[in-house]
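Right, one structure below, let's go through it.
Every heavy atom of this structure was used, including side-chain atoms; hydrogens, water molecules and symmetry mates were not.
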Number of protein chains: 2
Amino acid sequence: MQKLIDYIEQFVKLDRESIEAIESLAEIEIYKKNLLILKPGERCNKIWFIKKGMVRKYHLHDGEEITSWIHTENETCTSLQSYAQNTPSEEYLQTYEDSELISITKDNSEKLAEFPKIVAFVNAMMGREFANIDKHTKALNQRDAKGRYEYLREIAPEILKRAKIGHIASIIGVSRETVSRIRKA
Amino acid sequence: MQKLIDYIEQFVKLDRESIEAIESLAEIEIYKKNLLILKPGERCNKIWFIKKGMVRKYHLHDGEEITSWIHTENETCTSLQSYAQNTPSEEYLQTYEDSELISITKDNSEKLAEFPKIVAFVNAMMGREFANIDKHTKALNQRDAKGRYEYLREIAPEILKRAKIGHIASIIGVSRETVSRIRKA
DNA sequence: GTTTTCTTTTGATGTAGGTCACAAAATTAT
DNA sequence: ATAATTTTGTGACCTACATCAAAAGAAAAC
């Protein structure tokens, strides 16, 4: 649980009460790899913090899997669209390796809302997520295949090290073969 | 101001006090076309609601203007990254036609935070913005030039009617010439 | 209303990267 | 270990779209 506290403290310094509240309401979840922790149609009512492992986010388009991101240790993940809007998810969340996650349900995070520090954290985290999506979108659109690959190396080297080439290709929107050729060069 | 109230009431029903609070803190801004209302380096401390006109959002890449979106009547606009993270903006906001905007500064929106209805609105609006960005990104990445153009027609027909072809091309990430050819066909 | 400037159209040409097909390599299962 | 399966690499080919250039059209300025 300490890792989650450390993560939150990147955003705001927590007081004793806030830490205790988080510890009592967060839950630990252990999963084997390739397990679907969220499916389309389900409402996503949790935010997960990844203590160990990776979680892949993907959706289907014309029967084909499109990987939008792979989250690694010390990051949070959720289906933003489903969580923020309270609508059925359109995407899958799947463990990519054997993983240990810490989850906080939306109900519990509403209970935590009486702690101002925690509200400040959630806002800051959401703000950062927001800004990141915006940044990535722009960055990827402006680059060619090589440039996209290199951008991914800059901002998420872990993905390049640990993900399959096909998933990497999907994230940056090029074909598997092209990523293979970029690597060779 | 009524249009802003109507807009907010899409998200939450407002009580009398909330309406009065909004009316006393929101400001009306009148601009001629092509005026820069936000420049890179400035901190964006406002959310604008567009009562009349259009606002183009763009940034520079290798000296070239990349248009990321054009907002039309009855929409809000802001530099999300700058506003949410309180960092200097990396983008320009420019009126695209003579416009009437209603602005609420961040300071004032914090004053409005004592009204729970208004907090609920801000959260809902941010959630929707978030979900939209996410949706657009995915939608555009999966389509070819024609498909992207048609997607834009579905979700923002006003842009196709009123924006210059070069800006439309930039939004969907294809060349001006290609959009011209798509239109001809 | 004419000139100047900005925007769009159209044609010709080049190329980045997609698709297909199969071989090599690496994982996983038995 | 060996076999079965999944993943990655490589070559050949092709097409969607970028880029360049120049004309036509529209809007703004005088």
Exercise. Using a cut-off of 4.0 Å on non-hydrogen atoms, how would the nucleic acid contact of B:Gly173 be classed: base, sugar-phosphate, or nothing?
Worked result: sugar-phosphate

For this session: Taking atom types as modelled, find out whether A:His59 and A:Glu90 have a side-chain donor-acceptor pair closer than 3.5 angstrom.
Result: no

Problem set entry | Presence of salt bridge, A:Lys138 and A:Asp134, under 4.0 angstrom | yes

Problem set entry | Candidates C:dT8, C:dT19, D:dA21 - which lies nearest the side chain of B:Ile165 | C:dT8

For this session: Specify the separation, in whole Å, of atom CZ of A:Arg143 and atom C1' of D:dA18.
Result: 19 Å

Exercise. NZ of B:Lys106: more than 12 outside heavy atoms within 6.0 angstrom?
Worked result: yes

Exercise. From the list D:dC17, D:dA18, C:dG18, which nucleotide is the closest neighbour of the side chain of A:Thr178?
Worked result: C:dG18

For this session: Using a heavy-atom cut-off of under 4.0 Å over every strand shown, decide if A:Arg183 touches base, sugar-phosphate, or nothing.
Result: nothing

Exercise. In terms of side-chain heavy atoms of B:Asp144, which of C:dT8, D:dC17, D:dT10 is nearest?
Worked result: D:dC17

Exercise. How about A:Gln2: does its CD atom have over 12 heavy atoms from other parts shown lying under 6.0 Å from it?
Worked result: yes

For this session: Give a yes/no answer on whether the side chain of B:Lys33 brings an N or O atom under 4.0 Å of OP1 or OP2 in D:dA27.
Result: no

Problem set entry | Side chain of B:Val174 (C-beta onward), nearest among D:dA18, C:dT10, C:dG18 | D:dA18

Exercise. Reckon B:Val179 touches a base, only the sugar-phosphate, or nothing at all at heavy-atom distances under 4.0 Å?
Worked result: nothing

Problem set entry | B:Ala145 side chain, from C-beta outward: closest of D:dC17, C:dG18, C:dT7 | D:dC17

For this session: Give the nucleotide from the list D:dG11, C:dT19, D:dT19 with an atom nearest to the side chain of B:Arg181.
Result: D:dT19

